[in-house]
Amino acid sequence: MPQFWKSSGAHLLNRDANGYLEVTPDFLRAYFTRPEIHPVEESCEAEHRLFERLMIDPFVAVDEQELAAIADPDAADNYRIVLRFRDHLVAHGSIEGGYAALFKGNGIDIPPMFIDQLVHLIAHNVLRKVADPMRVRAGEILFREQAVTTADGQLMLADAEMVETYSRTGGLGGLGALLAEAGTPMPSVSLDVLTEENASIYWGRSDRFDTAIDFRFTEPALDAFARVLESWIGHFHGVSVRIQPQQSIRDERWSWHVGLDAEATRILNALYEGKQVGETELGRIVALFRMDFDNRSDAVESMRGKPVWMGLAMGADNIVRMKPQNLLTNLPVRHRN
C-alpha cells in the first residue's frame, strides 16, 4: 500500500487485537524529545536526570517532588503537561481509548495540539489500507483546518495553514517572508487541485498538506469524505453505516442531526427548531450528508428506520474546523452491554 502521513508517528505504534493503537515506549520518547521538553545545555541537573530516566523507561512514575526540583518552572510545567497526557493514554489502554475518554464529560486538560495529533494518528489507522489518494486527502479534514474558496461557483478546500503560509511568503519560504517585509510583490502561487486524473501526486507529498480538493456536490472529493466518515464511525462504534452527500434536507420526520463542527451544529439546530436562518448563514454550509444504519438494530429504538442528517460548515472567516469527536458523542448508536 502507498505510504502516507509519516508525520503522524503511526510507525511508532502497534495495533492491538481490536485494531486500536497501543501506546509504545518509542511513541512516548517522541514526545519527551520535543523542543519544549528536551533539556538544553543550561538545564539544571534535576531536569537532565529526569529526562534520562524517561528515555530509559518512558512509563516510569514521576512524582511532584521530582518535578518541583527542576529549576526552570516553565520546563517543570511542560513536563507536567506531557506526563499528564502520557498517564491519560496509558490509563485508557490505547490512542483511541484515550481520545474517546476526553469527551466523556470530565473536562479536557490536554492541549488542543495534542488532540489534533491523536486524530491524525487515528485517521491514519482508519485509512491505512486505503489505496484512493482522494479519500486520504479528504481525511485531512478530520485534523487540519481547511480554507474554503467559493468564488466563481467553486467550492475548493485547501489546508488553512498552507494557504496562510503561501499568502505570506509566496511559496518561497524564509526568502519570501523577507521579500514580503520589503514590500516586494509576491508571485502568484496556487495549490494543485487533486482530480481523478492527477490524484497519484498526493502520495509523494502527503506530509506537505499542499493539495486542494473540489468539494462541490457530485465531485469525487465529497464522496471520498463520506467514505472517511463511514470508516471513522465503524472504527469507534463497530457499526456499519451508509453516508451519502445531499443537496438539502427534505425530511418531514427529521429526528436527529449531527453538526460536524461548531458552526454546522449551530445552523442545523436553528433549522431543526424552525428558526429563521439567513442566506449568509446558510451559505456557510459546505456539505450535507444523510447517514443510514446498515443494521437497523444498531440504532437506538426511536431512530430505527430513520436517517441521521449531518452538516459541515465554515466559519465567518471561511475556515472549516471539524470536530470529529461529535461522531463519538452525538450519534444515536445503541450501545450493547
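Just so we're clear, the structure is a prediction, and the values are computed from it rather than from any experiment.
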[X] side-chain N/O to [Y] backbone N/O, donor-acceptor pair under 3.5 Å:
| X | Y | value |
| --- | --- | --- |
| N198 | T195 | yes |
| N18 | Y20 | no |
| E252 | R250 | no |
| R205 | I201 | no |
| S43 | E41 | no |
| R334 | D298 | no |
| R137 | T211 | yes |
| E230 | I243 | yes |
| R284 | A313 | no |

Can you check whether [X] reaches [Y] side chain to side chain, under 4.5 Å on heavy atoms?
| X | Y | value |
| --- | --- | --- |
| I115 | L102 | yes |
| S94 | L21 | no |
| R144 | E161 | yes |
| H237 | V333 | yes |
| L142 | V126 | no |
| N326 | T265 | yes |
| R49 | I70 | no |
| Q146 | I319 | no |

Does the side chain of [X] come under 3.5 Å of the side chain of [Y] through a donor N or O and an acceptor N or O?
| X | Y | answer |
| --- | --- | --- |
| N125 | E96 | yes |
| N269 | H257 | yes |
| S7 | D207 | yes |
| D26 | T24 | no |

Report the C-alpha separation of E145 and V320 in whole Å, then their side-chain angles, then the decisive distance to 0.1 Å, and conclude whether the side chain to side chain contact (heavy atoms under 4.5 Å, CB included) test is met. CA-CA 6 Å; E145 296 180 357; V320 169; over 6 Å; no
Does the separation of the ring centres of Y79 and F51 fall below 6.0 angstrom? no
Output field: ring centroids Y202/F4 closer than 6.0 Å: no
Among the clusters formed by ILVMFWY side chains lying less than 4.5 Å apart, do [X] and [Y] turn up in the same one?
| X | Y | answer |
| --- | --- | --- |
| M113 | V119 | yes |
| I37 | L54 | yes |
| L222 | V193 | no |
| I213 | M156 | no |

Transitive ILVMFWY cluster of Y272, excluding itself - 4.5 Å side-chain cut-off: I249, W254, I267, L268, L271, V277, L282, I285, L288, W309
Residues sharing V40's hydrophobic cluster, by side-chain heavy-atom contacts under 4.5 Å among ILVMFWY, directly or via others? none
Is atom [atom1] of [X] surrounded by more than 12 heavy atoms (other residues, nucleotides or ligands) closer than 6.0 Å?
| X | atom1 | answer |
| --- | --- | --- |
| Q276 | CD | no |
| R34 | CZ | yes |
| E36 | CD | yes |
| E64 | CD | yes |
| Q154 | CD | yes |
| E22 | CD | yes |

Check [X] against [Y] and note the closest heavy-atom contact, atom names and distance.
| X | Y | value |
| --- | --- | --- |
| S200 | P133 | N-CG, 4.2 Å |
| P332 | F293 | O-CZ, 3.7 Å |
| W232 | I122 | CZ3-CG2, 3.6 Å |
| M322 | L260 | CG-O, 3.2 Å |
| G98 | H92 | N-CB, 3.6 Å |
| A221 | A138 | O-CB, 4.1 Å |

Once you round to the nearest 0.5 Å, how far does [atom1] of [X] lie from [atom2] of [Y]?
| X | Y | atom1 | atom2 | result |
| --- | --- | --- | --- | --- |
| R321 | D261 | CZ | CG | 9.5 Å |
| D77 | L67 | CG | CG | 9.0 Å |
| K323 | E263 | NZ | CD | 11.5 Å |
| D159 | R208 | CG | CZ | 12.5 Å |

Could you please spell out the steps behind the salt bridge (charged side-chain N to carboxylate O under 4.0 Å, His left out) verdict for R296 and D292? CA-CA 8 Å; R296 290 165 53 103; D292 294 277; over 6 Å; no
Angle class for the [X]/[Y] ring planes (parallel below 30°, perpendicular above 60°, tilted otherwise)?
| X | Y | answer |
| --- | --- | --- |
| Y99 | F103 | perpendicular |
| H120 | W5 | perpendicular |
| F114 | Y31 | perpendicular |
| F143 | F209 | perpendicular |

With salt bridge (charged side-chain N to carboxylate O under 4.0 Å, His left out) as the criterion, how do R53 and D57 come out once you've worked through the C-alpha distance, each side chain's angles and the decisive distance to 0.1 Å? CA-CA 6 Å; R53 285 213 314 131; D57 179 6; over 6 Å; no
Report the C-alpha distance between R253 and D251 in whole Å, list the side-chain angles of each, state the deciding distance to 0.1 Å, and finish with yes or no for salt bridge (charged side-chain N to carboxylate O under 4.0 Å, His left out). CA-CA 5 Å; R253 298 194 304 157; D251 185 358; 5.1 Å; no
Stepwise salt bridge (charged side-chain N to carboxylate O under 4.0 Å, His left out) test for R266 and E281: CA-CA 10 Å; R266 185 183 65 80; E281 290 182 294; 2.5 Å; yes
Audit row: L312, F225, side chain to side chain contact (heavy atoms under 4.5 Å, CB included) steps and yes/no: CA-CA 11 Å; L312 183 70; F225 183 61; 4.1 Å; yes
Checking side chain to side chain contact (heavy atoms under 4.5 Å, CB included) for the pair V130/V228: CA distance, chi angles, key distance, verdict? CA-CA 10 Å; V130 170; V228 171; over 6 Å; no
Should D63 and E66 be marked as a side chain to side chain contact (heavy atoms under 4.5 Å, CB included) after you check the CA-CA gap, both sets of side-chain angles, and the distance that decides it? CA-CA 6 Å; D63 59 32; E66 194 170 359; 3.3 Å; yes
